[in-house]
Amino acid sequence: MTKLLIVEDNPHNRDMLGRRLQNRGYTLCYAETGEAALDIAQRELPDLVLMDIGLGDGIDGLETTRRLKHIPATSRMPVIALTAHALATDRERSLEAGCSDYDTKPVDMPRLLAKIEALLPAVRN
């Protein structure tokens, strides 16, 4: 089973995205803060991380991603940035922080699923 870590501080967004992904067969774990994401990613070793960039408390999603990329156990973990901002600079900043891809909220599920599946072969090999 493919395990995804959803890092999202909004309970409604977390629940809605989680249910939609779980219905498609993914195993999920969740974090509400950047600090929790660092801990859970090291403990659970998910195949991929869906990272809310605008985390409210503590470190934001970009800094969390930077830190994940400096931890040997999580450095190769693909991260998809999720944000309500659709500016080209937001995409560039996400990729510079180490994200593998970028998507906007509200989530377009077919598009997000395509991005997830495109990144998973590298993890599975």
Side-chain angles (χ1 to χ4, degrees):
M1 277 243 143
T2 300
K3 185 186 295 185
L4 307 178
L5 169 57
I6 298 175
V7 185
E8 172 63 64
D9 60 346
N10 181 299
H12 176 72
N13 291 347
R14 188 174 54 247
D15 182 58
M16 187 157 43
L17 181 58
R19 281 186 284 124
R20 294 171 78 187
L21 290 167
Q22 199 167 30
N23 287 340
R24 285 166 175 83
Y26 294 104
T27 299
L28 304 173
C29 47
Y30 301 91
E32 296 178 26
T33 66
E35 290 86 357
L38 293 168
D39 178 55
I40 292 167
Q42 291 176 82
R43 186 176 63 242
E44 296 288 331
L45 298 175
D47 298 298
L48 185 137
V49 179
L50 297 171
M51 180 72 69
D52 177 20
I53 295 306
L55 296 172
D57 290 336
I59 59 174
D60 68 12
L62 295 177
E63 180 59 26
T64 303
T65 300
R66 285 185 198 98
R67 292 183 188 186
L68 282 173
K69 296 302 175 177
H70 284 97
I71 299 168
T74 61
S75 64
R76 295 181 50 155
M77 210 172 271
V79 177
I80 298 177
L82 297 178
T83 182
H85 303 288
L87 301 173
T89 54
D90 293 313
R91 184 179 198 291
E92 290 168 14
R93 288 179 7 167
S94 298
L95 296 176
E96 286 171 2
C99 294
S100 305
D101 208 335
Y102 168 93
D103 210 347
T104 57
K105 296 188 230 175
V107 171
D108 176 298
M109 197 52 124
R111 183 179 64 215
L112 180 60
L113 289 170
K115 290 180 179 195
I116 291 169
E117 290 302 316
L119 290 169
L120 288 175
V123 174
R124 291 178 180 144
N125 292 333

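Note that the structure is predicted; figures quoted are calculated from it, not measured.
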Undergrad: Working note: Arg24 + Met109, criterion side chain to side chain contact (heavy atoms under 4.5 Å, CB included); need CA distance, chi angles, decisive distance, verdict.
TA: CA-CA 11 Å; Arg24 285 166 175 83; Met109 197 52 124; 3.8 Å; yes
Undergrad: What is the distance from atom OG1 of Thr27 to atom CG of Asp47, rounded to the nearest 0.5 Å?
TA: 9.0 Å
Undergrad: Please report the shortest heavy-atom distance between Gly98 and Thr65, naming the atom on each side.
TA: C-CG2, 3.8 Å
Undergrad: So, taking the atom named NZ in Lys115 and the one named CG in Asp108, what distance separates them when rounded to the nearest 0.5 Å?
TA: 9.0 Å
Undergrad: Knowing that exactly one of Ile6, Leu82, Thr64 qualifies, which makes a side chain to side chain contact (heavy atoms under 4.5 Å, CB included) with Met51?
TA: Thr64
Undergrad: Atom OH of Tyr30 and atom CD of Glu8: how far apart are they, to the nearest 0.5 Å?
TA: 11.0 Å
Undergrad: Would you kindly confirm whether Leu4 and Met16 end up in one hydrophobic cluster when ILVMFWY residues are joined by side chain heavy atoms under 4.5 Å apart?
TA: no
Undergrad: Would you please test Thr33 and Leu55 for side chain to side chain contact (heavy atoms under 4.5 Å, CB included) and show each step?
TA: CA-CA 7 Å; Thr33 66; Leu55 296 172; 5.8 Å; no
Undergrad: Is there a donor-acceptor contact under 3.5 Å from the side chain of Asn23 to the main chain of Arg19?
TA: yes
Undergrad: Between the side chain of Thr74 and the main-chain N/O of Leu68, is any donor-acceptor distance below 3.5 Å?
TA: yes
Undergrad: Going through the distances and angles, do Thr83 and Ser94 end up as a side chain to side chain contact (heavy atoms under 4.5 Å, CB included)?
TA: CA-CA 10 Å; Thr83 182; Ser94 298; 5.6 Å; no
Undergrad: What residues, two or more places apart in sequence or in another chain, satisfy side-chain hydrogen bond (donor to acceptor under 3.5 Å, both in side chains) together with Arg111?
TA: Asp103, Thr104
Undergrad: If two hydrophobic side chains count as joined below 4.5 Å and joins carry through other members, does Ile71 share a cluster with Leu62?
TA: yes
Undergrad: So do Met77 and Leu5 actually touch side chain to side chain, heavy atoms under 4.5 Å?
TA: no
Undergrad: If hydrophobic clusters are built from ILVMFWY residues whose side chains come within less than 4.5 Å, do Val49 and Leu45 share one?
TA: yes
Undergrad: Considering only heavy atoms from C-beta outward, does the side chain of Leu120 approach that of Leu48 to under 4.5 Å?
TA: yes
Undergrad: Is the shortest side-chain heavy-atom distance between Asp101 and Val79 below 4.5 Å?
TA: no
Undergrad: Please find the pair of heavy atoms, one from Ala81 and one from Cys99, that lie closest to each other, and give the distance.
TA: CB-SG, 3.7 Å
Undergrad: Could you tell me whether the side chain of Glu32 reaches within less than 4.5 Å of the side chain of Asn10, counting heavy atoms only?
TA: no
Undergrad: Identify the two heavy atoms, one from His70 and one from Pro72, that lie closest to each other, and give their separation to 0.1 Å.
TA: O-CD, 3.7 Å
Undergrad: Answer whether the closest heavy-atom distance between the side chains of Leu113 and Tyr26 falls below 4.5 Å.
TA: yes
Undergrad: Can you tell me how far the CG atom of Asp15 sits from the CD atom of Gln22, to the nearest 0.5 Å?
TA: 9.5 Å
Undergrad: Under a 4.0 Å N-O cut-off, is there an ion pair linking Glu63 with Arg66?
TA: yes
Undergrad: Quick one: side chain to side chain contact (heavy atoms under 4.5 Å, CB included) partners of Glu44, sequence neighbours excluded?
TA: Lys3, Cys29, Ile40, Pro46
Undergrad: Side chains of Tyr102 and Ile80: closer than 4.5 Å at any heavy-atom pair?
TA: no
Undergrad: Test Leu28 against Leu21 for side chain to side chain contact (heavy atoms under 4.5 Å, CB included), laying out the working first.
TA: CA-CA 8 Å; Leu28 304 173; Leu21 290 167; 4.1 Å; yes
Undergrad: Considering only NZ, NE, NH1 and NH2 on the basic side and carboxylate oxygens on the acidic side, decide whether Lys105 and Asp52 come within less than 4.0 Å.
TA: yes
